[in-house]
Amino acid sequence: MTTDQSTQGPGDARPRTSHPAHHTAPTPSLADLRHYLTTHLDPAARTWLDHALAEAAAHPGIHGPISVWELRLAEAGRRCGATHADAARVLILEAARAGTDALTRVYFQGTADERRAVLHALAHLVSGPGALPLIEDALRTNDTRLLSAAVGPYAARHLSAHAWRHAVLKCLFTGVPLDHVADLPRRAAGDGELARMLGDYAAERTAAGRTVPEDLHRVLDLTESVTPAPVTDHPHGKES
């Protein structure tokens, strides 16, 4: 199975460049997303988004069976186009000051597109691990676009080592490029257990006569690296 590249997510709101083998692309800020949409949406879509953001800011939080900003989330694909809908939805969620409860409601009641936007928004809107159940739910699916969103910065910050290792394996199983795994070099560095799991997976594929994904070798290289210690001005690592 390969990743569907037909629709960009918020993390794609930047020029595409080739990345060094041991690096993942940076995640854009909310200001980056707003600037990107301002310069790429047509006038009608920009007007709609400005109105949707103002409306969400004026009526934040959850109100009744469905809040007005939740309706705008559903409209974003039609109004902004598939390429820009993820970024527009993230900005609407931020304008609505959606906390963990609101994000959870949108995730479990929304479409796959809305779920993906929630996953992208977590790193911007939730500071602690309270939204991990949403990441864990997405990692149980075989929807490659949900998986790509689930292994973003929020997962890098809060997933346990055990769960994060299995997320990396899930990406390899489903063909999600590991460039989508946020903070991969840091979390993989020196991880002997991840190296063992990757070695077992590679051996299974080889025994079955199947190719080993190139990304697997990349992560194996990372597990052999060591995260450098912080550099200080004093040669002995102490302040004078």
Side-chain angles (χ1 to χ4, degrees), residues 3-17 19 23-61 67-100 102-107 110-127 131 134-135 138 144-158 176-177 179-184:
T3 305
D4 181 358
Q5 301 292 347
S6 62
T7 303
Q8 292 178 302
D12 298 307
R14 56 183 178 267
R16 281 293 188 185
T17 58
H19 306 303
H23 293 275
T24 51
T27 300
S29 67
L30 292 170
D32 292 335
L33 295 183
R34 184 65 186 267
H35 176 73
Y36 178 81
L37 290 180
T38 298
T39 56
H40 285 77
L41 291 177
D42 63 42
R46 284 200 304 272
T47 297
W48 178 86
L49 180 61
D50 288 344
H51 176 74
L53 295 177
E55 199 173 40
H59 304 284
S67 301
V68 65
W69 55 265
E70 293 178 80
L71 297 174
R72 303 299 167 249
L73 292 178
E75 294 177 21
R78 176 167 54 88
R79 297 286 190 168
C80 299
T83 300
H84 307 305
D86 278 352
R89 290 186 177 107
V90 170
L91 292 177
I92 292 169
L93 289 167
E94 189 274 335
R97 300 193 286 281
T100 302
L103 292 167
T104 298
R105 177 165 111 171
V106 171
Y107 180 88
T111 63
D113 289 342
E114 290 160 19
R115 290 184 175 201
R116 189 173 60 253
V118 168
L119 296 171
H120 282 305
L122 292 179
H124 300 292
L125 303 182
V126 182
S127 59
L134 307 186
I135 297 292
T144 56
R145 295 179 67 207
L146 277 182
L147 291 172
S148 295
V151 291
Y154 187 83
R157 293 174 198 165
H158 298 296
V176 172
D179 276 347
H180 291 275
V181 180
D183 216 4
L184 179 66

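The two residues A57 and P60 come nearest to each other via the heavy atoms O-CD, 3.5 Å. In this structure, L146 and A138 approach most closely via the heavy-atom pair O-CB, 4.3 Å. When every heavy atom of L41 is checked against every heavy atom of R46, the shortest pair comes out as O-NH1, 2.5 Å. When every heavy atom of L33 is checked against every heavy atom of P28, the shortest pair comes out as CD2-CG, 3.8 Å. T144 and V176 get closest at one heavy-atom pair: O-CG2, 3.7 Å. Annotation for R89 and G77: closest pair NH2-N, 3.4 Å, computed over non-hydrogen atoms.
In this structure, L93 and W69 have side chains that are in contact, with non-hydrogen atoms separated by less than 4.5 Å. You'll find the side chain of E94 stays beyond 4.5 Å of the side chain of H124, heavy atoms only. Between R79 and L49 there is no side-chain heavy-atom pair separated by less than 4.5 Å. Contact annotation: the side chain of E55 never approaches that of I92 to less than 4.5 Å [non-hydrogen atoms, C-beta and beyond].
Within the model, atoms CZ of R72 and CH2 of W48 stand 7.5 Å from one another, a figure rounded to the nearest 0.5 Å. The structure places CG of D50 at 5.0 Å from CZ of R34, a figure rounded to the nearest 0.5 Å. Here the CG-NE2 distance, from L30 to H35, works out to 14.5 Å after rounding to the nearest 0.5 Å. One distance of note links OG1 of T100 with CG of L122; it measures 8.0 Å at 0.5 Å rounding. Note that CG of L119 and CG of L134 are 7.0 Å apart. Values are rounded to the nearest 0.5 Å.
Not one N or O on the side chain of R145 forms a donor-acceptor pair closer than 3.5 Å with the backbone of A112. Checked by atom type and distance alone, the side chain of S67 pairs as donor or acceptor with a backbone atom of G61 at under 3.5 Å.
Shown here are the ring-ring contact (aromatic ring centres under 6.0 Å, His included) partners of H158, two or more places apart in sequence or in another chain: Y154.
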D32/S29 under side-chain hydrogen bond (donor to acceptor under 3.5 Å, both in side chains): CA gap, chis, key distance, verdict
CA-CA 5 Å; D32 292 335; S29 67; 3.2 Å; yes
